[in-house]
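Along the sequence shown, residues carry numbers from 1. Values below: every heavy atom of this structure, side chains too, minus hydrogens, waters and symmetry copies.
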Amino acid sequence: MNMSRSRGRTPRTLRVAALAVLLTTGAFTPSASADSARTETPVGTSGGVTETVVRVKAPLPASFGARPAACDWLSYLRYRSSSGPASSADADRVLVAQPGILEGAGAFDSVARNTVTRAAEQGTHIEFWALDRRSNCLEDRTGIASGDQHTAVDYYYRGKQVQGRTFAGFVGNDKLGWMAKLGIEQTVRDEYTLLTAELPDQGVRKDKVLCGGHSLGGVITGYFATADFDGDPATTADAGHNQCAGYFALDTTVSTSLGDLSGSIPDDTNLPDVGLGYGVVQAGLDSGLLPRSLSAPVLLNPETMTLLAIAGVGALQNPGGEADLPSYLPANTNIEATNRFLFSKDTATFLTGSPAVKDFRLTNEAILGSLMDDQSVPLAFLQSSVGFFDGGPITDKNFPVANGSSSQPGLFGTEYKAIPAEPHGPLYTWRDYDRVGDPDDPGYRSSDGTPFTAAGKEVTDIQELARSMAAQPLDFTEQYFPTKLVTDLELATSPQVKRLVVHPDGLTANPTLTVLAGDGLLAGRAPADLHPVVADGYQHLDVLTAAPVQNNGRAEPVSTALTEFARTPR
């Protein structure tokens, strides 16, 4: 191992052991208020961080129509220092994070832990609340929670029961009528409802809460900051900016525009044509003629996003074992198209389906890496930097765009893509982020001689990523993202949305920390006057998933910046 980069890192065996403790340890019993309007359930305690899942009852207005009972609750993952105060109001700071597009609370797991830990080391007790959007109430984690990959596949795709429960199926558009009204107005209202329920004293909120988010979460934070929640602009104690002491933006900006997030929404999603106007789009959502949740034919739909979590289960369950997931999955058009899109080295392979992913020998970690690493997955907003393939010859992946192409759109990023070269050959393993560049690293290169990766571009531990995806009670991804949330933001100049920006000066009413991924969606495009902290080598998801100690031996920069921001007196 390259000792110049390993200084201070926890040995891999101890990291995996710590994950096992996290999965099995409950620090205290679930609690609920007398009227059962709030529950708090332990997830685990590890490394001085206590995690719970909190649910607060917050019924939607009757005008939303019929919906599952679970959708009248708001949920978040609460991370706090185990040695700190038990009450959120007594914490030094509370960071409240809105997720990005197609993203759930589980995606914040690593950055939340890293930030809480780093602050505690400096004598500051902060909490990190990773919010779940209300629509995540539709997800069923039963199969994933089993901790067994075959059990999960059987539950979601073969109708087999787990603990007496049968999967009801992925929810169709006809069952999502209530989501036709779930746009930006209700989303920011939900954050306000949660904050006022959990921290009733407005003075405490204004003094201690830092509001922010990742990707689309920055825009949601912008609308929250400019909102008025009592209907009277003259009374400002309820104004969004007066619920926060500051704002933070993770590979995004705190704004009321989608302009900074180009490339975050694939062109082939079922997003309606907003040129039709607000009224027509809303009528289409209400009637069901337009899709009420955002999806795409491959990868970005409830069925295939469930596969990401199942891959995470395998990586936790048996990291170095040879994967049988590709052959164990049922054969259907959706899964087949997704596998071809992700694992085809060129157009011919995509069209013929040969060789297929099941023709390669891959470990469970290599399967997860193939699905999430920036040298493999094409879509930039899904990319993290978790290491690289190992164990056999590697070749260029020139689909859907060619390596080295100067015209690669932002949607696909700019990193060279790679894929195993030999079907029915060696067992391909996964070289974790902290072993890239070690003396035994083969140093794989593209056909034009360009190195596929380097130590400075690998920042996320694949086991921590697997934990975030497979071992959280709230999902890493968002299977049912409200279409209206995007159409509202794309129609920001319409009177129906424009009226929500009641206090425009709320955007600048509090100090803001902007942290950008050096190779992320906003690389080189963020306004200079934001004075952003740039995490070199990071992709869009790395700002959430990066390991606490990096390959240069230094502390992870995103959580370091968040800690410093939280510790700064207001």
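Inspection of the H540 and Q383 side chains reveals no N or O donor paired with an N or O acceptor under 3.5 Å. There is a side-chain donor-acceptor pair under 3.5 Å between S559 and E556. No hydrogens or angles considered: a donor-acceptor pair under 3.5 Å links the side chains of N301 and N334. Judged by distance alone, the side chains of S110 and E464 do bring a donor and an acceptor atom under 3.5 Å apart. Inspection of the Q539 and S385 side chains reveals no N or O donor paired with an N or O acceptor under 3.5 Å. E478 and S135 share a side-chain donor-acceptor pair at under 3.5 Å. When only modelled atom types and interatomic distance are considered, S75 and R55 share a side-chain donor-acceptor pair under 3.5 Å. In the model, N136 has no side-chain atom that pairs as donor or acceptor with a side-chain atom of Q479 under 3.5 Å. Side-chain atoms of Q282 and D286 form a donor-acceptor pair, as typed in the model, at a separation below 3.5 Å.
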Report, one line per pair, each donor and acceptor closer than 3.5 Å where one atom sits in a side chain of residues 170-179; sequence neighbours left out.
residue, atom, partner, partner atom, Å
N173, OD1, R292, N, 2.8
N173, ND2, G288, O, 3.2
N173, ND2, L290, O, 3.4

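Note that OG1 of T477 and CG of L300 are 9.5 Å apart. Values are rounded to the nearest 0.5 Å. For the atom pair CG (L544) and OG1 (T460), the distance works out to 9.0 Å, reported to the nearest 0.5 Å. In this structure, CD1 on I335 lies 8.5 Å from OG1 on T304, to the nearest 0.5 angstrom. Residue D488 holds its CG atom at 8.5 Å from OG1 of T187, rounded to the nearest 0.5 Å. Here the OG1-CG distance, from T563 to N114, works out to 9.0 Å after rounding to the nearest 0.5 Å.
A salt bridge between D190 and R133 is absent, with no side-chain N of the basic residue lying under 4.0 Å from a carboxylate O of the acidic one. Between E336 and R340 a salt bridge is recorded (basic side-chain N to carboxylate O distance below 4.0 Å). A salt bridge is defined here as a Lys NZ or Arg NE, NH1 or NH2 lying under 4.0 Å from an Asp or Glu carboxylate O, and R80 with E51 fails to meet this definition. Between R38 and E198 a salt bridge is recorded (basic side-chain N to carboxylate O distance below 4.0 Å). Classification of R141 and D475 as a salt-bridged pair holds, one side-chain N sitting under 4.0 Å from a carboxylate O.
Screening residues 91-100 for side-chain hydrogen bond (donor to acceptor under 3.5 Å, both in side chains), with sequence neighbours left out, gives Q98-E191. Sorted by first then second residue, the disulfide (SG to SG under 2.5 Å) pairs that include residues 277-308, not counting sequence neighbours, number zero. Pairs of residues two or more places apart, or lying in two chains, never qualify as salt bridge (Lys or Arg N to Asp or Glu O under 4.0 Å) while including a residue from residues 202-218. Every pair passing ring-ring contact (aromatic ring centres under 6.0 Å, His included) that includes a residue from residues 189-212 is listed here, sequence neighbours excluded: Y192-F229. Judged as a ring-ring contact (aromatic ring centres under 6.0 Å, His included), the pairs with a partner in residues 493-515 (not counting sequence neighbours) are, in order, H241-H503.
Side chain of T52 to backbone of V54: no donor-acceptor contact under 3.5 angstrom is found. In this structure, S215 contributes its side chain and G100 its backbone to no donor-acceptor pair below 3.5 Å. Of the possible donor and acceptor atoms, none in the side chain of Y156 sits under 3.5 Å from a partner among the backbone N and O of E303.
Applying the ring-ring contact (aromatic ring centres under 6.0 Å, His included) test to Y480 and every residue at least two apart in sequence or in another chain returns nothing. When the ring-ring contact (aromatic ring centres under 6.0 Å, His included) test is applied to Y247, no partner is found at least two apart in sequence or on another chain. Qualifying side chain to side chain donor-acceptor pair (under 3.5 Å) partners for T487, counting only residues two or more places apart in sequence or in other chains: none. Y157 is linked by a side chain to side chain donor-acceptor pair (under 3.5 Å) to nothing, counting only residues two or more places apart in sequence or in another chain. Evaluation of the side chain to side chain donor-acceptor pair (under 3.5 Å) rule for T142 yields D140 as partners, not counting sequence neighbours. For D230, the side chain to side chain donor-acceptor pair (under 3.5 Å) criterion is met by T235, not counting sequence neighbours.
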### Query
Are L516 and T514 close enough, and set up right, to give a side-chain contact (heavy atoms from CB on, under 4.5 Å), and what steps lead you there?
CA-CA 7 Å; L516 301 182; T514 301; 3.8 Å; yes
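Between F128 and Y79, the ring planes lie perpendicular to each other; the angle is over 60°, past the 30° to 60° tilted range.
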